[in-house]
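Have a look at the structure below before the remarks.
A, B, ... follow the sequence lines: proteins, then strands. Residue 1 opens every chain. Everything numeric here is computed off the predicted structure, so don't read it as measured data.
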Protein chains: 2
Amino acid sequence: MRIVVALGGNALLRNDEALTAENQRNNIRIAAKALAPIAREHDLVISHGNGPQVGLLALQEAAYKPSEAYPLDILDAETEGMIGYLIEQELVNLLPADRPCATLLTQIEVDPKDPAFVQPTKPIGPFYSETEANKLARERGWSITQDGTRFRRVVASPRPKRIFELGVIELLVNQGIVVICAGGGGIPTVQREDGSLIGVEAVIDKDLASSLLARELKADALVLLTDVDAVYEAWMEPEARAFGRVSPQAISEYAFAPGSMAPKVEAACEFVEQTGGIAGIGQLKDAAKIMAGEAGTVIAPDMTGIRWRG
Amino acid sequence: MRIVVALGGNALLRNDEALTAENQRNNIRIAAKALAPIAREHDLVISHGNGPQVGLLALQEAAYKPSEAYPLDILDAETEGMIGYLIEQELVNLLPADRPCATLLTQIEVDPKDPAFVQPTKPIGPFYSETEANKLARERGWSITQDGTRFRRVVASPRPKRIFELGVIELLVNQGIVVICAGGGGIPTVQREDGSLIGVEAVIDKDLASSLLARELKADALVLLTDVDAVYEAWMEPEARAFGRVSPQAISEYAFAPGSMAPKVEAACEFVEQTGGIAGIGQLKDAAKIMAGEAGTVIAPDMTGIRWRG
């Protein structure tokens, strides 16, 4: 089988832990342990998010010389380096020598007229109090949104249209190499009228980018790993229950949290409906179990209705 | 021909300009213009330095939360993302569609017993006054060295021993893809006794790493591009004169600035002596002219003695 697995940026650098290199490496080691058995048996392409990481880089820059802050496309590229390196190193340590890994920088085309550029929705970086948030909005011109009782910076998140390095990714996968790519949803890039490329200020949703990647690579499965163990109806409420196996039609009837579970369900359904493959959503450490239908939520084209978990 | 070109980090983000994204992109555009004609005719592998960039990231981090500073191997990986992305985007804009580029994260093995870990020599980041330098040494535990009348942070710079992603690089080059790799001299990585890999706090010299890369790839030429137009005898002195064409034996008789021209000359001679290929050293914009022997310094195995320039 050919499998695309997307690792959630929030699961790799958790906001409830200090944002240290050590914590990030430990979380990535958990992910690598979950992925190694899959890499031994299947073609594997790994993508990852970068919400906390790109937010952290933006804060570090602003603390040094805000007047010389780098645009988000360059920070996206930095996170592809940072996170991709740690995934590659931890995964290679668990794989035999004849199963090499490669981490590839990835530019993904977005539409300069995407409405996301006028209405930013993607939360990045840490949570703030209302006072802190208002101060940052004033001082740095950031867009801020409320998230529960706290506040977060939001940036434009245009839809991914085309993966410029697709041919190279395909070449490597066909040669038996585990490819780490489309990190942070890829570097958002616009093709100008003269055909040339230029990066733009945005963060693409990594689940939508991974769905595009899985479709273009004609993958058999797409697995979206995060810090929640499954997709829930009525999440955080007393009557919450987890989807076990469900058809894309059935799950599309429900509403989920925007910027969080909603893009995952959308990305998974898009993949399943267009390819006939299966998609899984669940916790980082459960990768293999989700593939086996023993954990998480599986969205499958051959289901009718919903099987609830537990 | 198969050519490895190394771009100097100092030439891409110059200390005499503001360290902005715009200035870095403009310098990289100059490099891309110089490289595009070579990429159209030859197999091309591009590496780059990261001295100013990795120093900048370290300063940004320290300004935000010094207690949560990331180690240099991760910052190296971030610079491979940042610089690699800009080179790829600017170069792709100048090449035909059938000449794709790929930017690959690269881990390079170093010896944990390398004496460089006890005696740091590689300057990174901006220049400081003596007072600033002493303050940074005290507050952050940085090693500082004098550079002319000013001061700079220095870090360990162990010798590169092995390129872990060599097989992938070779595969891509053989398929006609321009490969950007070994950025910042590669991510310094130690192989532990159990065979597993772990990154270490260092910055590998990118010229020595590029020489290793060129030798392993059996390249015909190695070109080291920087912000100086050639190798000079008596640099900065009234009687300074530039080497035009010279044998590795002849140039090895001279002494050059450590951490700057010395590793370039060493890297170039190592390549020429071990492979019989030619090596060029000169200015970013002169890449094609250096290849043609019309600019810079060329170190060639078939020379006897020295031809001076001008």
task: Below 4.5 Å from any heavy atom of chain A, which atoms of B/Ile83 appear? Answer side chain, backbone, both or neither.
output: neither
Pick from A/Asn93, A/Thr20, A/Ile74 with the largest number of heavy-atom pairs that fall under 4.5 Å of chain B: A/Asn93
- request: Answer with side chain, backbone, both or neither: which region of A/Ile177 has an atom nearer than 4.5 Å to a non-hydrogen atom of chain B?
  value: side chain
message: Quick check on the interface: out of A/Gly199, A/Ala102, A/Ala69, who has the most heavy-atom pairs with chain B under 4.5 Å?
response: A/Gly199
message: Between B/Glu61 and chain A, with a heavy-atom cut-off of 4.5 Å, which part of the residue counts as in contact: side chain, backbone, both or neither?
response: both
- request: Could you tell me whether the side chain of B/Glu78 and the main chain of A/Gly81 form a donor-acceptor pair under 3.5 Å?
  value: no
- prompt: Relative to chain A, which segment of B/Ile187 carries a heavy atom at a distance below 4.5 Å: side chain, backbone, both, or neither?
  reply: side chain
- request: Give the minimum heavy-atom separation between A/Leu35 and A/Leu44, together with the two atoms involved.
  value: O-CD2, 4.1 Å
task: Find the one option among B/Pro100, B/Ala62, B/Ala77, B/Ala63 whose heavy-atom pairs under 4.5 Å with chain A are most numerous.
output: B/Ala77
field: Portion of A/Leu104 that has a non-hydrogen atom of chain B nearer than 4.5 angstrom
entry: both
task: Side chain from CB out, backbone as N, CA, C, O: work out which of these in A/Glu80 comes under 4.5 Å of a heavy atom of chain B, or both, or neither.
output: backbone
- request: Please confirm whether the backbone N or O of A/Pro52 pairs with a side-chain atom of A/Asn15, one donor and one acceptor, at under 3.5 Å?
  value: no
- request: Pick one of side chain, backbone, both or neither for A/Gln24, based on which atoms fall under 4.5 Å of a heavy atom in chain B.
  value: side chain
task: Measure from the side-chain N and O atoms of A/Ser210 to the backbone N and O of A/Lys206, and report whether any donor-acceptor pair falls under 3.5 Å.
output: yes
- line: If one checks every heavy atom of B/Gln107 against chain A at 4.5 Å, the contacting part turns out to be side chain
field: When A/Gln89, A/Met82, A/Arg25, A/Glu68 are compared by non-hydrogen pairs under 4.5 Å with chain B, the top option
entry: A/Gln89
task: Answer yes or no: are there more than 12 heavy-atom neighbours, outside B/Glu22 itself, under 6.0 Å from its atom CD?
output: no
query: With respect to chain B, which residue among A/Asp73, A/Leu56, A/Leu172 yields the maximal number of heavy-atom pairs within a distance under 4.5 Å?
result: A/Asp73
task: Identify the two heavy atoms, one from B/Tyr70 and one from A/Leu19, that lie closest to each other, and give their separation to 0.1 Å.
output: OH-O, 2.8 Å
message: Between A/Leu75 and chain B, with a heavy-atom cut-off of 4.5 Å, which part of the residue counts as in contact: side chain, backbone, both or neither?
response: neither
task: Search all heavy atoms of A/Leu217 against all heavy atoms of A/Arg2 and return the closest pair with its distance.
output: O-NH1, 3.1 Å
message: If you count every heavy atom of other residues, nucleotides or ligands that lies below 6.0 Å from A/Lys161 atom NZ, does the total exceed 12?
response: yes
message: If we define contacts as heavy-atom pairs under 4.5 Å, which of A/Leu59, A/Asp76, A/Thr106 has the most with chain B?
response: A/Leu59
- request: Output yes when a side-chain donor or acceptor of A/Arg99 lies under 3.5 Å from a complementary backbone atom of A/Ala39, and no otherwise.
  value: yes
message: Distance alone, cut at 3.5 Å: any donor-acceptor contact between the side chains of A/Glu17 and A/Asn26?
response: no
query: Considering only heavy atoms, which portion of B/Leu197 lies under 4.5 Å from any heavy atom of chain A: side chain, backbone, both, or neither?
result: both
task: Mind listing the closest non-hydrogen atom pair of A/His48 and A/Thr79 along with its distance?
output: CE1-O, 4.0 Å
- prompt: Under a 4.5 Å heavy-atom cut-off, does chain B meet the side chain of A/Ile198, its backbone, both or neither?
  reply: both
